[in-house]
Amino acid sequence: GTAAVDYDFGERGTTLSGVVFLDNNRNGTLNTGEPGQTGVTVRLLDSGGVELSTTITTTSGSYQFENLPAGAYSVVMVTPSGYGTSTPTTLNVNLPLAGLTDQNFGLTLGSLAGVVYVDLNNNGIQDGGESGIGGVSLNLSGTDVNGAPVIATTTTLAATADARMEWIKAGTGQSLK
């Protein structure tokens with residue numbers, strides 16, 4: 001029964017974190033060797049959709065929101081130009097007092113694939129009897145959606161004449177020769 005003053009009580013905040021990564025195998029899961037993506041905007045919203053905070057991913061692709069009370073939140077990744085996604089761009093989470101990690105977002109890049117073949121009847125379709133041409137060098141050039149130059153080269157496979165170019169950002173003015 002003794003009265004006292006200056007005894008302050010309150011909740012300690014907790015942490016919500018994750019990684020934005022380049023999902024090379026497009027499985028929606030951060031795997032060993034998949035690089036984090038720097039400079040990606042991640043937003044934190046309350047349960048009513050009001051933005052509470054915004055952060056930018058570090059050089060390792062990680063992001064973190066600190067000193068949060070437990071409760072319901074939405075974490076929203078702003079997809080960078082030229083990328084697709086392998087995960088949802090919004091994660092609705094219930095943040096426990098212990099905090100929450102591994103709230104990850106996967107980014108993807110595009111690819112081109114096809115076959116080089118002899119088009120005997122000039123119809124633009126590989127028909128039966130029209131064989132592939134192996135060993136052909138293909139060059140992709142132009143600019144990506146951010147204006148950066150794109151230069152990619154591949155060679156068709158000798159046995160099947162298949163060709164594939166991976167990890168290409170979307171863009172305009174690109175030509176394949």
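Each residue takes its place number in the sequence, starting with 1. Because the structure is predicted, anything quoted here is derived from the model rather than measured.
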Asker: So, taking the atom named CG in L22 and the one named OG in S86, what distance separates them when rounded to the nearest 0.5 Å?
Answerer: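 Reported value, rounded in 0.5 Å steps: 9.0 Å.
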Asker: Looking only at heavy atoms, which two atoms of F105 and T87 are closest? And how far apart?
Answerer: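 Shortest heavy-atom contact: CA-OG1, 3.4 Å.
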Asker: How long is the span from the CG atom in L120 to the OG atom in S131, to the nearest 0.5 Å?
Answerer: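 Atom-to-atom, L120:CG and S131:OG are 7.0 Å apart.
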Asker: Which atoms form the tightest heavy-atom contact between Q37 and T57, and what is the distance?
Answerer: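 Between these two residues, the closest heavy atoms are O-OG1, 2.7 Å.
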Asker: Grab the two heavy atoms, one from Q126 and one from G132, that are nearest each other, plus how far apart they are.
Answerer: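 In terms of heavy atoms, the two residues are closest at NE2-N, 4.1 Å.
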Asker: Please name the pair of heavy atoms, one in V42 and one in F65, separated by the smallest distance, quoted to 0.1 Å.
Answerer: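 Reported closest heavy-atom pair: O-CZ, 3.5 Å.
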Asker: From N92 CG over to Y73 OH, what is the distance, rounded to the nearest 0.5 angstrom?
Answerer: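 Here the rounded value is 13.5 Å.
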Asker: Grouping I, L, V, M, F, W and Y whenever their side-chain heavy atoms are under 4.5 Å apart, do V20 and V75 come out in a common cluster?
Answerer: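 They do share one cluster, since a chain of ILVMFWY contacts under 4.5 Å joins V20 to V75.
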Asker: As a quick check of understanding, evaluate side chain to side chain contact (heavy atoms under 4.5 Å, CB included) for L45 and T90, giving each step before the final call.
Answerer: CA-CA 10 Å; L45 312 177; T90 299; over 6 Å; no
Asker: Should E130 and N121 count as side-chain neighbours, where that means a heavy-atom distance under 4.5 Å?
Answerer: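 A side-chain contact under 4.5 Å exists here.
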Asker: If you compare all heavy atoms of G124 against all heavy atoms of D119, which two are closest, and at what distance to 0.1 Å?
Answerer: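 Smallest interatomic distance, heavy atoms only, reads N-OD2, 2.7 Å.
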Asker: At their closest point, which heavy atom of V19 faces which heavy atom of S60, and how far apart are they?
Answerer: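 V19 and S60 have their closest heavy atoms at CG1-O, 4.0 Å.
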Asker: Less than 4.5 Å apart, side chain to side chain, heavy atoms only: is that true for T108 and Y83?
Answerer: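 Heavy-atom side-chain distance check fails, nothing below 4.5 Å.
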Asker: Taking C-beta and beyond as the side chain, do I56 and V40 meet within less than 4.5 Å on heavy atoms?
Answerer: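 They are not in side-chain contact.
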Asker: Would you check if the side chain of T14 reaches a backbone N or O of G99 as a donor-acceptor pair within less than 3.5 Å?
Answerer: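 Answer holds: yes.
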Asker: Do you reckon L91 sits in the same ILVMFWY cluster as L68, going by side-chain contacts under 4.5 Å, direct or chained?
Answerer: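 Shared cluster, yes.
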Asker: Flag the pair T38 / T58 as yes when at least one side-chain heavy-atom distance between them is below 4.5 Å, and no otherwise.
Answerer: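 Not in contact.
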Asker: So if I apply the side-chain contact (heavy atoms from CB on, under 4.5 Å) rule between S17 and each of L100, T101, D102, N104, which one comes out positive?
Answerer: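 Among L100, T101, D102, N104, the one meeting side-chain contact (heavy atoms from CB on, under 4.5 Å) with S17 is T101.
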Asker: Taking V76 as the starting point, is it possible to reach L52 by hopping between hydrophobic residues whose side chains are less than 4.5 Å apart?
Answerer: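 In one cluster with L52: V76, no.
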Asker: Mind checking the CG-CD spacing from L16 to Q103? Nearest 0.5 Å is all I need.
Answerer: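 L16 CG to Q103 CD: 6.0 Å, rounded to 0.5 Å.
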Asker: Taking E34 for the side chain and N24 for the main chain, is one N or O donor matched with an acceptor at less than 3.5 Å?
Answerer: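 Yes: the side chain of E34 pairs with the backbone of N24.
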Asker: Nearest 0.5 angstrom please: D23 CG to L107 CG, how far?
Answerer: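 Reported to 0.5 Å precision, the distance equals 8.5 Å.
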